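A quick write-up on the structure given underneath.
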Number of protein chains: 2
Amino acid sequence: MPRKTINREDILEKMGAHVLEHGLNTASLRPLAQAAGTSDRMLIYHFESKDALITELLQFLAGRMALQLEAALPPEPSASLNACATEIVALLRGPAFKPYMRVWLDIVSSATQGSTTHHAIGSAIVEGFFDWLQARLPVGTDDPETTARAMLVVIDGTLVLDAVGQSDAANRAIAHLFPI
Amino acid sequence: MPRKTINREDILEKMGAHVLEHGLNTASLRPLAQAAGTSDRMLIYHFESKDALITELLQFLAGRMALQLEAALPPEPSASLNACATEIVALLRGPAFKPYMRVWLDIVSSATQGSTTHHAIGSAIVEGFFDWLQARLPVGTDDPETTARAMLVVIDGTLVLDAVGQSDAANRAIAHLFPI
DNA sequence: CGAAATGTGTAGCGATTGCTACATATACAT
DNA sequence: ATGTATATGTAGCAATCGCTACACATTTCG
(Lines give C-alpha, C1' and ligand atoms only; values in the text may rest on other atoms or scores of the structure.)
Protein backbone atom coordinates (compact mmCIF):
# COMPACT_ATOMS: atom_id res chain seq x y z
CA MET A 1 0.00 0.00 0.00
CA PRO A 2 1.53 3.30 -0.97
CA ARG A 3 1.55 5.90 1.72
CA LYS A 4 -0.29 8.46 -0.37
CA THR A 5 -3.64 6.80 -0.98
CA ILE A 6 -5.61 9.85 -0.02
CA ASN A 7 -8.58 11.13 -1.91
CA ARG A 8 -7.00 13.28 -4.60
CA GLU A 9 -8.97 11.51 -7.37
CA ASP A 10 -12.20 11.86 -5.39
CA ILE A 11 -11.47 15.50 -4.70
CA LEU A 12 -10.76 16.17 -8.36
CA GLU A 13 -13.95 14.39 -9.31
CA LYS A 14 -16.14 16.50 -7.06
CA MET A 15 -14.37 19.75 -7.86
CA GLY A 16 -14.69 18.93 -11.54
CA ALA A 17 -18.43 18.48 -11.17
CA HIS A 18 -18.59 21.83 -9.42
CA VAL A 19 -16.62 23.60 -12.14
CA LEU A 20 -18.71 22.00 -14.86
CA GLU A 21 -21.83 23.32 -13.18
CA HIS A 22 -20.71 26.73 -11.97
CA GLY A 23 -17.93 27.75 -14.32
CA LEU A 24 -14.19 28.06 -14.08
CA ASN A 25 -13.46 31.78 -13.81
CA THR A 26 -15.71 32.18 -10.79
CA ALA A 27 -14.35 29.14 -8.98
CA SER A 28 -12.71 30.12 -5.70
CA LEU A 29 -11.16 27.90 -3.10
CA ARG A 30 -13.90 27.83 -0.49
CA PRO A 31 -16.77 26.81 -2.80
CA LEU A 32 -14.49 24.24 -4.44
CA ALA A 33 -13.59 22.87 -1.04
CA GLN A 34 -17.22 22.70 0.02
CA ALA A 35 -18.08 20.82 -3.16
CA ALA A 36 -15.29 18.36 -2.42
CA GLY A 37 -16.31 17.98 1.20
CA THR A 38 -13.15 19.51 2.58
CA SER A 39 -11.70 22.92 3.39
CA ASP A 40 -9.70 25.50 1.51
CA ARG A 41 -6.97 24.76 3.99
CA MET A 42 -6.76 21.16 2.77
CA LEU A 43 -6.94 22.08 -0.90
CA ILE A 44 -3.83 24.19 -0.56
CA TYR A 45 -2.26 21.42 1.49
CA HIS A 46 -2.86 18.87 -1.26
CA PHE A 47 -2.21 21.02 -4.33
CA GLU A 48 0.31 23.60 -3.09
CA SER A 49 -1.47 26.58 -4.67
CA LYS A 50 -4.67 27.47 -6.44
CA ASP A 51 -2.86 27.74 -9.76
CA ALA A 52 -1.49 24.21 -9.44
CA LEU A 53 -4.91 22.99 -8.37
CA ILE A 54 -6.64 24.53 -11.37
CA THR A 55 -4.00 23.16 -13.70
CA GLU A 56 -4.41 19.63 -12.40
CA LEU A 57 -8.18 19.97 -12.35
CA LEU A 58 -8.28 21.06 -15.96
CA GLN A 59 -6.05 18.19 -17.01
CA PHE A 60 -8.37 15.86 -15.12
CA LEU A 61 -11.42 17.31 -16.86
CA ALA A 62 -9.72 17.13 -20.24
CA GLY A 63 -9.12 13.43 -19.71
CA ARG A 64 -12.69 12.95 -18.60
CA MET A 65 -14.03 14.68 -21.68
CA ALA A 66 -11.82 12.63 -23.96
CA LEU A 67 -13.18 9.43 -22.40
CA GLN A 68 -16.76 10.59 -22.71
CA LEU A 69 -16.19 11.62 -26.30
CA GLU A 70 -14.98 8.16 -27.24
CA ALA A 71 -17.87 6.61 -25.34
CA ALA A 72 -20.47 8.82 -27.02
CA LEU A 73 -19.12 8.62 -30.56
CA PRO A 74 -16.75 5.67 -30.99
CA PRO A 75 -14.07 6.08 -33.63
CA GLU A 76 -16.13 4.82 -36.53
CA PRO A 77 -15.89 6.84 -39.73
CA SER A 78 -18.91 8.94 -40.58
CA ALA A 79 -20.83 8.55 -43.80
CA SER A 80 -19.94 12.04 -45.02
CA LEU A 81 -18.20 15.19 -43.94
CA ASN A 82 -21.56 16.82 -43.41
CA ALA A 83 -22.75 13.96 -41.23
CA CYS A 84 -19.48 14.05 -39.30
CA ALA A 85 -19.74 17.75 -38.53
CA THR A 86 -23.45 17.60 -37.80
CA GLU A 87 -23.15 14.67 -35.43
CA ILE A 88 -20.30 16.22 -33.50
CA VAL A 89 -21.92 19.60 -33.17
CA ALA A 90 -25.17 18.00 -32.00
CA LEU A 91 -23.21 16.03 -29.44
CA LEU A 92 -21.31 19.05 -28.12
CA ARG A 93 -24.53 21.01 -27.81
CA GLY A 94 -26.16 18.27 -25.77
CA PRO A 95 -26.45 18.29 -21.99
CA ALA A 96 -23.50 15.95 -21.50
CA PHE A 97 -20.97 18.19 -23.21
CA LYS A 98 -22.33 21.71 -22.99
CA PRO A 99 -20.73 22.14 -19.54
CA TYR A 100 -17.39 21.12 -21.00
CA MET A 101 -17.81 23.65 -23.78
CA ARG A 102 -18.39 26.40 -21.22
CA VAL A 103 -15.18 25.45 -19.46
CA TRP A 104 -13.44 25.25 -22.80
CA LEU A 105 -14.37 28.81 -23.67
CA ASP A 106 -13.19 29.88 -20.23
CA ILE A 107 -9.84 28.29 -20.95
CA VAL A 108 -9.68 30.03 -24.31
CA SER A 109 -10.54 33.33 -22.72
CA SER A 110 -7.85 32.98 -20.08
CA ALA A 111 -5.33 31.87 -22.70
CA THR A 112 -5.88 35.04 -24.73
CA GLN A 113 -5.30 37.07 -21.58
CA GLY A 114 -1.81 35.66 -21.44
CA SER A 115 -2.11 32.75 -19.02
CA THR A 116 0.57 30.33 -20.12
CA THR A 117 -0.91 27.45 -18.16
CA HIS A 118 -4.29 27.85 -19.83
CA HIS A 119 -2.53 28.21 -23.14
CA ALA A 120 -0.69 24.93 -22.63
CA ILE A 121 -3.76 23.04 -21.43
CA GLY A 122 -5.86 24.46 -24.25
CA SER A 123 -3.28 23.42 -26.79
CA ALA A 124 -3.25 19.88 -25.44
CA ILE A 125 -7.04 19.71 -25.48
CA VAL A 126 -7.19 20.83 -29.08
CA GLU A 127 -4.57 18.30 -30.02
CA GLY A 128 -6.50 15.46 -28.40
CA PHE A 129 -9.75 16.55 -29.94
CA PHE A 130 -8.02 16.76 -33.29
CA ASP A 131 -6.87 13.16 -33.07
CA TRP A 132 -10.31 11.94 -32.09
CA LEU A 133 -11.84 13.97 -34.88
CA GLN A 134 -9.49 12.62 -37.52
CA ALA A 135 -10.55 9.04 -36.72
CA ARG A 136 -14.14 9.91 -37.44
CA LEU A 137 -13.63 11.37 -40.90
CA PRO A 138 -15.27 9.41 -43.72
CA VAL A 139 -13.08 6.76 -45.28
CA GLY A 140 -11.22 8.02 -48.30
CA THR A 141 -11.25 11.66 -47.23
CA ASP A 142 -8.71 13.69 -49.16
CA ASP A 143 -5.99 15.20 -46.99
CA PRO A 144 -7.57 14.06 -43.72
CA GLU A 145 -5.26 16.17 -41.58
CA THR A 146 -6.17 19.46 -43.20
CA THR A 147 -9.82 18.44 -43.37
CA ALA A 148 -9.84 17.66 -39.66
CA ARG A 149 -8.25 20.99 -38.87
CA ALA A 150 -10.85 22.73 -41.00
CA MET A 151 -13.62 20.95 -39.15
CA LEU A 152 -12.00 21.90 -35.88
CA VAL A 153 -12.12 25.55 -36.87
CA VAL A 154 -15.75 25.25 -37.92
CA ILE A 155 -16.73 23.49 -34.69
CA ASP A 156 -15.02 26.08 -32.51
CA GLY A 157 -16.56 28.87 -34.52
CA THR A 158 -19.92 27.22 -34.02
CA LEU A 159 -19.35 27.22 -30.27
CA VAL A 160 -18.70 30.94 -30.36
CA LEU A 161 -21.84 31.66 -32.35
CA ASP A 162 -23.83 29.36 -30.08
CA ALA A 163 -22.66 31.41 -27.13
CA VAL A 164 -24.41 34.50 -28.45
CA GLY A 165 -27.55 32.75 -29.64
CA GLN A 166 -26.64 32.41 -33.30
CA SER A 167 -26.93 28.64 -33.54
CA ASP A 168 -29.11 28.84 -36.63
CA ALA A 169 -26.48 30.84 -38.45
CA ALA A 170 -23.86 28.31 -37.41
CA ASN A 171 -26.00 25.46 -38.70
CA ARG A 172 -26.33 27.11 -42.07
CA ALA A 173 -22.62 27.74 -42.14
CA ILE A 174 -21.89 24.08 -41.53
CA ALA A 175 -24.27 23.03 -44.26
CA HIS A 176 -22.58 25.49 -46.59
CA LEU A 177 -19.00 24.55 -45.75
CA PHE A 178 -19.60 20.80 -45.68
CA PRO A 179 -22.35 20.35 -48.27
CA ILE A 180 -21.83 16.62 -48.65
CA MET B 1 -25.99 73.91 -23.15
CA PRO B 2 -27.48 70.74 -21.76
CA ARG B 3 -27.06 70.31 -18.06
CA LYS B 4 -25.33 66.95 -18.38
CA THR B 5 -22.21 67.76 -20.33
CA ILE B 6 -19.95 65.95 -17.95
CA ASN B 7 -17.18 63.65 -19.04
CA ARG B 8 -19.02 60.37 -19.67
CA GLU B 9 -17.55 60.06 -23.17
CA ASP B 10 -14.07 60.83 -21.90
CA ILE B 11 -14.49 58.39 -19.05
CA LEU B 12 -15.68 55.66 -21.41
CA GLU B 13 -12.74 56.36 -23.69
CA LYS B 14 -10.17 55.96 -20.96
CA MET B 15 -11.86 52.97 -19.36
CA GLY B 16 -12.11 51.39 -22.80
CA ALA B 17 -8.38 51.78 -23.30
CA HIS B 18 -7.80 50.18 -19.92
CA VAL B 19 -10.04 47.22 -20.71
CA LEU B 20 -8.43 46.74 -24.11
CA GLU B 21 -5.06 46.58 -22.43
CA HIS B 22 -5.83 44.65 -19.25
CA GLY B 23 -8.85 42.54 -20.07
CA LEU B 24 -12.50 42.61 -19.16
CA ASN B 25 -12.99 39.87 -16.59
CA THR B 26 -10.33 41.27 -14.31
CA ALA B 27 -11.57 44.85 -14.56
CA SER B 28 -12.68 46.14 -11.17
CA LEU B 29 -13.94 49.56 -10.26
CA ARG B 30 -10.88 51.05 -8.62
CA PRO B 31 -8.42 50.35 -11.48
CA LEU B 32 -11.03 51.48 -13.99
CA ALA B 33 -11.51 54.68 -12.02
CA GLN B 34 -7.80 55.29 -11.81
CA ALA B 35 -7.48 54.82 -15.56
CA ALA B 36 -10.27 57.34 -16.08
CA GLY B 37 -8.76 59.81 -13.62
CA THR B 38 -11.60 59.59 -11.15
CA SER B 39 -12.74 57.42 -8.24
CA ASP B 40 -14.84 54.31 -7.86
CA ARG B 41 -17.23 56.52 -5.97
CA MET B 42 -17.81 58.66 -9.06
CA LEU B 43 -18.09 55.71 -11.42
CA ILE B 44 -21.01 54.36 -9.42
CA TYR B 45 -22.43 57.87 -9.27
CA HIS B 46 -22.35 58.22 -13.05
CA PHE B 47 -23.31 54.68 -14.07
CA GLU B 48 -25.49 53.48 -11.19
CA SER B 49 -23.81 50.09 -10.88
CA LYS B 50 -20.86 48.17 -12.18
CA ASP B 51 -23.11 46.03 -14.36
CA ALA B 52 -24.60 49.07 -16.04
CA LEU B 53 -21.12 50.53 -16.45
CA ILE B 54 -19.76 47.42 -18.11
CA THR B 55 -22.77 47.21 -20.38
CA GLU B 56 -22.34 50.79 -21.55
CA LEU B 57 -18.60 50.37 -21.85
CA LEU B 58 -18.95 47.30 -24.04
CA GLN B 59 -21.44 49.05 -26.28
CA PHE B 60 -19.01 51.93 -26.55
CA LEU B 61 -16.15 49.59 -27.45
CA ALA B 62 -18.33 47.76 -29.98
CA GLY B 63 -19.03 51.03 -31.73
CA ARG B 64 -15.36 51.93 -31.64
CA MET B 65 -14.37 48.63 -33.19
CA ALA B 66 -16.99 48.96 -35.92
CA LEU B 67 -15.59 52.37 -36.82
CA GLN B 68 -12.03 51.11 -36.86
CA LEU B 69 -13.05 48.13 -38.98
CA GLU B 70 -14.53 50.36 -41.63
CA ALA B 71 -11.50 52.61 -41.50
CA ALA B 72 -9.05 49.72 -41.84
CA LEU B 73 -10.88 47.79 -44.54
CA PRO B 74 -13.43 49.98 -46.34
CA PRO B 75 -16.45 48.17 -47.76
CA GLU B 76 -14.89 47.31 -51.07
CA PRO B 77 -15.49 43.78 -52.32
CA SER B 78 -12.52 41.47 -52.16
CA ALA B 79 -11.08 39.71 -55.19
CA SER B 80 -11.98 36.26 -53.90
CA LEU B 81 -13.38 34.49 -50.88
CA ASN B 82 -9.92 33.35 -49.97
CA ALA B 83 -8.58 36.90 -50.19
CA CYS B 84 -11.52 38.16 -48.14
CA ALA B 85 -10.98 35.67 -45.32
CA THR B 86 -7.21 36.05 -45.39
CA GLU B 87 -7.32 39.84 -45.27
CA ILE B 88 -9.77 39.92 -42.41
CA VAL B 89 -7.96 37.35 -40.31
CA ALA B 90 -4.67 39.16 -40.84
CA LEU B 91 -6.33 42.39 -39.76
CA LEU B 92 -7.88 40.89 -36.64
CA ARG B 93 -4.56 39.36 -35.66
CA GLY B 94 -2.80 42.71 -35.96
CA PRO B 95 -1.98 44.95 -33.02
CA ALA B 96 -4.93 47.25 -33.62
CA PHE B 97 -7.57 44.56 -33.24
CA LYS B 98 -6.03 41.84 -31.14
CA PRO B 99 -7.09 43.67 -27.95
CA TYR B 100 -10.65 43.76 -29.24
CA MET B 101 -10.51 40.04 -29.92
CA ARG B 102 -9.44 39.40 -26.35
CA VAL B 103 -12.40 41.36 -25.09
CA TRP B 104 -14.60 39.58 -27.59
CA LEU B 105 -13.63 36.18 -26.23
CA ASP B 106 -14.26 37.48 -22.72
CA ILE B 107 -17.76 38.46 -23.77
CA VAL B 108 -18.31 35.05 -25.33
CA SER B 109 -17.07 33.35 -22.19
CA SER B 110 -19.38 35.36 -19.95
CA ALA B 111 -22.29 34.78 -22.33
CA THR B 112 -21.88 31.01 -22.07
CA GLN B 113 -21.91 31.33 -18.29
CA GLY B 114 -25.42 32.71 -18.52
CA SER B 115 -24.91 36.47 -18.45
CA THR B 116 -27.85 37.85 -20.39
CA THR B 117 -26.22 41.27 -20.81
CA HIS B 118 -23.10 39.76 -22.35
CA HIS B 119 -25.29 37.54 -24.50
CA ALA B 120 -27.21 40.55 -25.81
CA ILE B 121 -24.10 42.62 -26.46
CA GLY B 122 -22.35 39.70 -28.10
CA SER B 123 -25.30 39.10 -30.35
CA ALA B 124 -25.32 42.73 -31.44
CA ILE B 125 -21.58 42.68 -32.10
CA VAL B 126 -21.88 39.58 -34.27
CA GLU B 127 -24.74 41.15 -36.18
CA GLY B 128 -22.73 44.29 -36.89
CA PHE B 129 -19.68 42.33 -37.91
CA PHE B 130 -21.85 40.20 -40.16
CA ASP B 131 -23.16 43.26 -42.01
CA TRP B 132 -19.66 44.66 -42.45
CA LEU B 133 -18.45 41.28 -43.62
CA GLN B 134 -21.20 40.87 -46.19
CA ALA B 135 -20.22 44.13 -47.87
CA ARG B 136 -16.72 42.84 -48.42
CA LEU B 137 -17.64 39.62 -50.17
CA PRO B 138 -16.53 39.36 -53.80
CA VAL B 139 -19.05 40.61 -56.31
CA GLY B 140 -21.28 37.87 -57.63
CA THR B 141 -20.91 35.63 -54.58
CA ASP B 142 -23.59 32.97 -54.52
CA ASP B 143 -25.90 33.22 -51.52
CA PRO B 144 -23.94 36.03 -49.90
CA GLU B 145 -25.81 35.78 -46.60
CA THR B 146 -24.96 32.14 -46.00
CA THR B 147 -21.44 32.67 -47.27
CA ALA B 148 -20.93 35.54 -44.88
CA ARG B 149 -22.23 33.45 -41.98
CA ALA B 150 -19.88 30.65 -42.97
CA MET B 151 -16.97 33.06 -43.02
CA LEU B 152 -18.04 34.36 -39.63
CA VAL B 153 -17.88 30.86 -38.22
CA VAL B 154 -14.46 30.28 -39.74
CA ILE B 155 -13.12 33.59 -38.42
CA ASP B 156 -14.37 32.95 -34.90
CA GLY B 157 -13.00 29.43 -35.00
CA THR B 158 -9.69 30.90 -36.07
CA LEU B 159 -9.72 33.20 -33.07
CA VAL B 160 -10.19 30.21 -30.80
CA LEU B 161 -7.33 28.28 -32.35
CA ASP B 162 -5.16 31.39 -32.27
CA ALA B 163 -5.80 31.59 -28.55
CA VAL B 164 -4.10 28.26 -27.97
CA GLY B 165 -1.26 28.78 -30.41
CA GLN B 166 -2.69 26.88 -33.34
CA SER B 167 -2.61 29.69 -35.85
CA ASP B 168 -0.90 27.56 -38.45
CA ALA B 169 -3.69 25.01 -38.29
CA ALA B 170 -6.23 27.78 -38.64
CA ASN B 171 -4.43 29.15 -41.68
CA ARG B 172 -4.50 25.78 -43.37
CA ALA B 173 -8.18 25.41 -42.51
CA ILE B 174 -8.96 28.74 -44.14
CA ALA B 175 -7.05 27.78 -47.27
CA HIS B 176 -8.94 24.50 -47.35
CA LEU B 177 -12.41 25.93 -46.74
CA PHE B 178 -11.99 28.93 -49.06
CA PRO B 179 -9.65 27.57 -51.75
CA ILE B 180 -10.40 30.34 -54.25
C1' DC C 1 -31.04 85.82 -2.03
C1' DG C 2 -32.08 81.24 -0.91
C1' DA C 3 -33.39 76.67 -1.97
C1' DA C 4 -32.62 72.79 -4.65
C1' DA C 5 -30.05 70.06 -7.68
C1' DT C 6 -25.58 68.39 -9.08
C1' DG C 7 -21.03 66.98 -8.32
C1' DT C 8 -16.95 65.18 -5.45
C1' DG C 9 -13.71 63.73 -1.58
C1' DT C 10 -13.13 60.80 2.66
C1' DA C 11 -13.94 57.00 5.01
C1' DG C 12 -15.64 52.87 5.72
C1' DC C 13 -18.69 48.54 5.60
C1' DG C 14 -19.41 43.70 5.04
C1' DA C 15 -18.12 40.11 2.07
C1' DT C 16 -14.70 37.43 -0.33
C1' DT C 17 -10.08 36.47 -2.04
C1' DG C 18 -5.68 33.20 -1.66
C1' DC C 19 -3.05 31.76 1.80
C1' DT C 20 -0.75 30.93 6.53
C1' DA C 21 0.34 30.22 11.66
C1' DC C 22 -0.65 27.32 15.24
C1' DA C 23 -2.28 23.51 17.51
C1' DT C 24 -3.52 18.87 17.34
C1' DA C 25 -4.80 14.24 16.04
C1' DT C 26 -3.49 9.96 13.94
C1' DA C 27 -0.32 6.61 11.92
C1' DC C 28 3.79 4.37 11.13
C1' DA C 29 8.78 3.26 11.89
C1' DT C 30 12.45 2.33 14.96
C1' DA D 1 7.35 3.57 23.78
C1' DT D 2 8.79 7.27 21.29
C1' DG D 3 9.72 10.14 17.66
C1' DT D 4 8.56 11.56 13.07
C1' DA D 5 5.73 12.07 9.04
C1' DT D 6 1.00 12.78 7.54
C1' DA D 7 -3.33 14.85 7.99
C1' DT D 8 -6.80 18.23 9.60
C1' DG D 9 -9.48 21.86 12.24
C1' DT D 10 -9.57 26.80 13.93
C1' DA D 11 -8.56 31.26 13.36
C1' DG D 12 -7.02 34.84 11.12
C1' DC D 13 -4.33 38.09 7.91
C1' DA D 14 -3.78 41.50 4.34
C1' DA D 15 -5.78 42.64 0.10
C1' DT D 16 -9.56 43.52 -2.80
C1' DC D 17 -14.43 43.53 -4.07
C1' DG D 18 -18.90 46.49 -5.07
C1' DC D 19 -21.08 49.84 -2.84
C1' DT D 20 -22.72 53.48 0.62
C1' DA D 21 -23.07 57.16 4.33
C1' DC D 22 -21.74 61.59 5.29
C1' DA D 23 -20.02 65.96 4.64
C1' DC D 24 -19.07 69.58 1.61
C1' DA D 25 -18.67 72.22 -2.43
C1' DT D 26 -20.56 74.24 -6.71
C1' DT D 27 -23.97 75.34 -9.83
C1' DT D 28 -28.75 76.31 -11.29
C1' DC D 29 -33.04 78.31 -10.87
C1' DG D 30 -37.19 80.53 -8.90
Side-chain angles (χ1 to χ4, degrees), chain A residues 1-16 18-19 21-60 103 106-107 109-110 113-118 121, chain B residues 1-16 18-19 21-60 103 106-107 109-110 113-118 121:
Chain A
M1 304 276 272
R3 62 184 180 183
K4 264 208 172 185
T5 326
I6 24 163
N7 309 326
R8 207 175 191 93
E9 199 81 0
D10 281 1
I11 295 184
L12 285 172
E13 189 97 38
K14 292 173 180 170
M15 289 194 302
H18 180 268
V19 161
E21 185 178 353
H22 296 96
L24 177 65
N25 288 339
T26 65
S28 42
L29 285 180
R30 283 167 180 83
L32 283 175
Q34 191 178 2
T38 177
S39 66
D40 56 334
R41 164 71 178 74
M42 290 313 295
L43 289 186
I44 295 292
Y45 178 73
H46 285 312
F47 299 91
E48 299 286 334
S49 71
K50 189 195 177 184
D51 260 17
L53 184 155
I54 293 293
T55 299
E56 193 165 338
L57 181 54
L58 288 181
Q59 287 166 345
F60 174 82
V103 173
D106 270 345
I107 294 173
S109 168
S110 295
Q113 302 300 327
S115 163
T116 55
T117 74
H118 290 83
I121 295 172
Chain B
M1 304 275 269
R3 61 183 180 183
K4 265 207 172 187
T5 325
I6 24 165
N7 309 327
R8 208 175 190 93
E9 199 82 0
D10 280 0
I11 294 184
L12 285 173
E13 188 96 38
K14 292 173 181 170
M15 290 194 302
H18 180 266
V19 161
E21 185 177 353
H22 297 95
L24 176 64
N25 288 341
T26 64
S28 42
L29 285 180
R30 283 168 178 81
L32 282 175
Q34 191 178 2
T38 176
S39 66
D40 56 334
R41 164 73 178 71
M42 291 313 295
L43 289 186
I44 296 292
Y45 178 74
H46 285 312
F47 297 92
E48 299 286 334
S49 72
K50 189 195 177 183
D51 260 17
L53 184 155
I54 294 293
T55 300
E56 192 165 337
L57 181 54
L58 288 182
Q59 288 166 345
F60 173 82
V103 173
D106 271 345
I107 294 173
S109 168
S110 296
Q113 302 300 328
S115 163
T116 55
T117 72
H118 289 83
I121 294 172

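In what follows, chains are A, B, ... by sequence order, proteins preceding strands, each numbered from 1. Remember, predicted model here, so these are calculated numbers, not experimental data.
- In this structure, A:E9 CD and A:I11 CD1 are separated by 10.5 Å, a value rounded to the nearest 0.5 Å.
- Between B:H46 and the phosphate of C:dG7, there is no side-chain N or O to OP1/OP2 separation shorter than 4.0 Å.
- Going from atom CG of B:L29 over to atom P of C:dT16 covers 17 Å, rounded to whole Å.
- In this structure, CG on B:L43 lies 6.5 Å from CG on B:L32, to the nearest 0.5 angstrom.
- Residue B:R30 has its side chain nearest to C:dC13 when only D:dG9, C:dC13, C:dG9 are considered.
- A cation-pi contact links A:R8 to A:F47, judged by a cut-off of 6.0 Å to the six-membered ring centre and 45° from its axis.
- Here C:dT17 presents its C1' atom at 13 Å from CD1 of A:I54, a figure rounded to the nearest Å.
- To the nearest 0.5 Å, atoms CD1 (B:I54) and OG1 (B:T117) are separated by 9.0 Å.
- Heavy atoms of A:T38 sit nowhere under 4.0 angstrom from any nucleic acid atom.
- Atom CZ in B:F47 sits about 12 Å away from atom P in C:dT8, given to the nearest Å.
- For A:K50 and C:dG18, the NZ to C1' distance is 8 Å, given to the nearest whole Å.
- Applying the 3.5 Å distance criterion, the base of D:dC19 shares a donor-acceptor pair with the side chain of B:D40.
- Rounded to a whole Å, the CD1 atom of A:I11 is 12 Å from the C1' atom of D:dT8.
- Residue A:M42 contributes atom CE, which lies 13 Å from atom P of D:dT10 at whole-angstrom precision.
- Comparing B:Y45 and A:I44 by the nucleotide of DNA chain C that holds the closest heavy atom to each, the one mapping nearer the 5' end is B:Y45.
- Atom pair A:E48:CD and D:dA7:P shows a separation of 12 Å (rounding to whole Å applied).
- Nearest to the side chain of B:R41, among D:dA21, C:dG18, D:dG18, sits D:dA21.
- Donor-acceptor pairing under 3.5 Å is recorded for the side chains of A:Q113 and B:D106.
- If you take CG of A:L43 and P of C:dT16, they are 17 Å apart, rounded to a whole angstrom.
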